[in-house]
Amino acid sequence: MIKKSKFLFVNLITAIFILNGCSSSKKFASENKDPFEKINRNVFEFNKYIDQKIISPISKTYIKKIPPKVRTGVSDHLDWMNTPSTIINSALQADMENTILASAKFLLNGLTFGFYDLDKGDIKKRDFGSTLAKLNVSEGPFLMVPFLGPKTTRDLTGTILDKQNMATLSSNAFDNLSLAEIPVNMVDKRGKILKTIDNIYLSADPYIKIKSFYLQNRRNEIYGEKYLENKNNNLDAEFEKLLD
Amino acid sequence: MQNLKNFWISKQISKLLTYTVIIFLILNVNIYKSFSNNLDKGEAIVQQMIVEAKNHAIDTIKLEPKERSTKIELLIKKYVNLDFMGRATTGTFWKKASKKQREMYKTALLKQIVLTIEEHLNTLATLSYEQKKSEKRGKKLVYVRGLIKDPNGNKPEVNLLWKLAADKTGSFLILDLEIEGISLVSSQKAEAVSILRKNKGDFNILLENMNKNQ
């Protein structure tokens with residue numbers, strides 16, 4: 001019963017966000033348009049507080065006390081835990097090469113539970129957010145989500161769907177392990193960008209800076225060269241004008 | 001008589017055509033030369049700056065943080081077009097700023113760049129830089145692409161894109177840097193314009209916000 005209601009709730013949220021994303025005909029929302037700015041800023045302050053009081057100090061200790069080789073092992077393991085999502089979404093995006101490479105990597109690294117990366121070859125990380133983007137769902141408004149940080153409505157939908165898929169497809173043990181590893185993942189990720197985030201907090205408007213970094217990075221991840229070329233063409237015209 | 005006239009006209013036309021082709025060739029060769037010259041200049045500037053920054057990272061490791069920052073400031077001033085960055089990151093609001101406010105903004109911007117570079121300076125000494133293809137964009141811009149690699153393979157590769165153009169004196173300076181597709185000018189502009197818009201273009205409030213944590 002609980003599982004059924006959870007499933008319905010997730011699907012309801014998903015449908016709302018997809019519809020929200022579809023309501024805009026543009027592929028990218030303008031960086032200046034931020035309909036939820038007031039709420040987002042409050043959530044950002046909350047996340048910043050949690051980060052500065054809990055996550056950042058733990059990450060600093062983690063970086064100081066744990067040897068780099070062990071940290072690399074933990075990072076590799078966390079990546080390995082996310083590989084099934086890449087496999088599913090690469091298949092949904094008809095990227096057969098990445099599906100095969102990711103499957104092979106997942107199976108091979110499964111020998112060490114992902115703690116040692118036996119195949120150093122890089123695979124492209126894929127999630128449901130990027131699958132929705134390939135289906136031409138627009139990215140929707142920018143959101144600052146408690147604990148999760150910056151997202152667009154499309155990416156938040158993708159994250160929920162990813163979790164739902166993993167819960168449906170994987171065994172209970174795998175599911176429980178991935179839940180238990182959420183805090184480890186947070187600490188590991190934060191540890192990798194300690195100084196960058198600290199510097200962002202020192203900027204004139206950290207909320208806008210994080211939003212800009214996130215949107216540029218995410219669009220680059222999903223659309224690659226196409227997005228960069230489009231962005232640079234616009235910037236070139238602006239720069240040439242200023243150079244005249 | 002008519003034949004002679006026709007012959008003279010056709011000779012004139014062929015002469016004109018020959019001259020046109022010669023002029024076209026000369027112009028094209030010059031344009032091509034200046035294109036490749038600009039690309040070479042752009043690449044050389046980036047290479048030179050990377051070498052200097054690496055040496056700088058090693059030389060200044062034992063210096064006091066303040067002294068180190070001053071040396072980085074000098075390095076940035078030498079290679080970065082701060083005046084352009086000031087205009088590019090504030091959009092139409094730049095015109096409304098006084099001379100003093102513009103200078104103060106450029107100083108605050110310089111401090112932010114120093115902070116970003118200081119963050120990576122220690123790791124830069126252990127990493128290698130590989131120049132990738134360059135391209136000429138539009139009439140004035142040159143893009144120089146590069147890759148930062150960890151020789152031990154412990155850190156992921158980082159793609160860089162430097163955007164350069166010649167200043168009034170003809171020397172090439174950096175206008176923007178894109179790290180993995182994130183443009184520093186774009187993010188700084190988003191931040192500065194957002195504050196200026198909310199405060200009716202008041203540069204003093206922007207400067208106050210930029211300097212409060214530095």
Side-chain angles (χ1 to χ4, degrees), chain A residues 30-32 34 37 41 68-69 71-72 75-76 79 117 120 122 142 192-244, chain B residues 81 83-88 91 94 108 111-112 115-116 118-120 122-123 137-141 143 152-157 159 161 163 165-168 175-176 178-195 197-198 205-214:
Chain A
S30 160
E31 269 190 48
N32 298 330
D34 191 353
E37 185 172 350
R41 279 189 184 273
K69 275 197 176 171
R71 274 187 275 133
T72 309
S75 278
D76 287 346
D79 278 346
D117 192 3
K120 296 281 177 195
D122 272 340
F142 176 77
K192 283 178 187 164
I193 47 170
L194 266 179
K195 282 182 188 165
T196 311
I197 298 286
D198 288 347
N199 278 348
I200 289 176
Y201 288 155
L202 294 178
S203 62
D205 190 340
Y207 166 74
I208 297 284
K209 191 146 252 176
I210 285 208
K211 183 174 116 181
S212 176
F213 279 1
Y214 173 77
L215 289 177
Q216 288 189 65
N217 181 50
R218 187 66 181 147
R219 287 168 184 172
N220 181 28
E221 246 175 30
I222 294 174
Y223 303 105
E225 275 302 310
K226 260 187 199 171
Y227 162 69
L228 289 179
E229 197 50 39
N230 187 29
K231 182 178 84 167
N232 282 332
N233 282 340
N234 293 336
L235 275 176
D236 284 359
E238 217 175 282
F239 281 16
E240 292 256 352
K241 230 181 187 179
L242 287 169
L243 287 165
D244 279 338
Chain B
N81 191 339
D83 190 63
F84 173 87
M85 276 193 173
R87 279 182 287 141
W94 185 252
K111 273 187 189 166
Q112 283 199 353
L115 211 69
T116 316
E118 270 179 338
E119 174 193 332
H120 300 290
N122 289 342
T123 43
R137 305 270 297 199
K139 288 177 192 162
K140 294 166 184 166
L141 294 168
Y143 278 15
N152 304 319
N154 291 331
K155 284 178 182 153
E157 292 176 347
N159 285 298
L161 168 64
K163 296 178 184 177
D167 68 352
K168 283 166 197 163
L175 308 179
D176 188 13
E178 256 183 41
I179 307 168
E180 284 294 329
I182 298 174
S183 154
L184 297 186
V185 164
S186 293
S187 18
Q188 178 59 30
K189 187 178 180 181
E191 203 181 339
V193 168
S194 157
I195 295 172
R197 242 184 226 145
K198 274 179 195 155
I205 296 177
L206 172 65
L207 292 168
E208 216 173 88
N209 276 299
M210 284 177 89
N211 294 324
K212 73 179 172 200
N213 293 319
Q214 285 172 8

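Note on naming: letters A, B, ... go to the chains in the order of the sequence lines (proteins, then strands), and numbering restarts at 1 for each one.
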Quick one: [atom1] on [X] to [atom2] on [Y], what's the gap to the nearest 0.5 Å?
| X | Y | atom1 | atom2 | result |
| --- | --- | --- | --- | --- |
| Ser194(B) | Lys209(A) | OG | NZ | 12.0 Å |
| Tyr214(A) | Ser187(B) | OH | OG | 16.0 Å |
| Ser212(A) | Ile182(B) | OG | CD1 | 8.0 Å |

Short side-chain to backbone donor-acceptor contact, [X] and [Y], under 3.5 Å:
| X | Y | result |
| --- | --- | --- |
| Glu240(A) | Lys140(B) | yes |
| Asn220(A) | Glu180(B) | yes |
| Lys231(A) | Gly181(B) | yes |
| Glu191(B) | Asp205(A) | yes |

Could you check whether any side-chain heavy atom of [X] comes within less than 4.5 Å of a side-chain heavy atom of [Y], counting everything from C-beta outward?
| X | Y | answer |
| --- | --- | --- |
| Gln112(B) | Asn199(A) | no |
| Asp236(A) | Tyr143(B) | yes |
| Leu175(B) | Leu243(A) | yes |
| Glu178(B) | Gln216(A) | no |

Given a strict heavy-atom distance threshold of 4.5 Å, which part of [X] is in contact with chain B: side chain, backbone, both, or neither?
| X | answer |
| --- | --- |
| Leu242(A) | both |
| Tyr201(A) | backbone |
| Asp198(A) | neither |

Contacting region of [X] [heavy-atom separation from chain A under 4.5 Å]:
| X | answer |
| --- | --- |
| Lys168(B) | neither |
| Leu141(B) | both |
| Leu161(B) | side chain |
| Ala88(B) | both |

Fill in: Exercise: identify the closest heavy-atom pair between Ser183(B) and Leu235(A)
OG-CD1, 4.2 Å
Worksheet item: What's the shortest heavy-atom distance between Ala204(A) and Met210(B), and which atoms?
Response: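 That closest heavy-atom pairing would be CB-CG, 3.8 Å.
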Worksheet item: Using 4.0 Å as the upper bound for N to carboxylate O, is an ion pair formed by Glu238(A) and Arg87(B)?
Response: no
Worksheet item: Is the closest side-chain donor-acceptor distance between Arg137(B) and Asn233(A) under 3.5 Å?
Response: yes
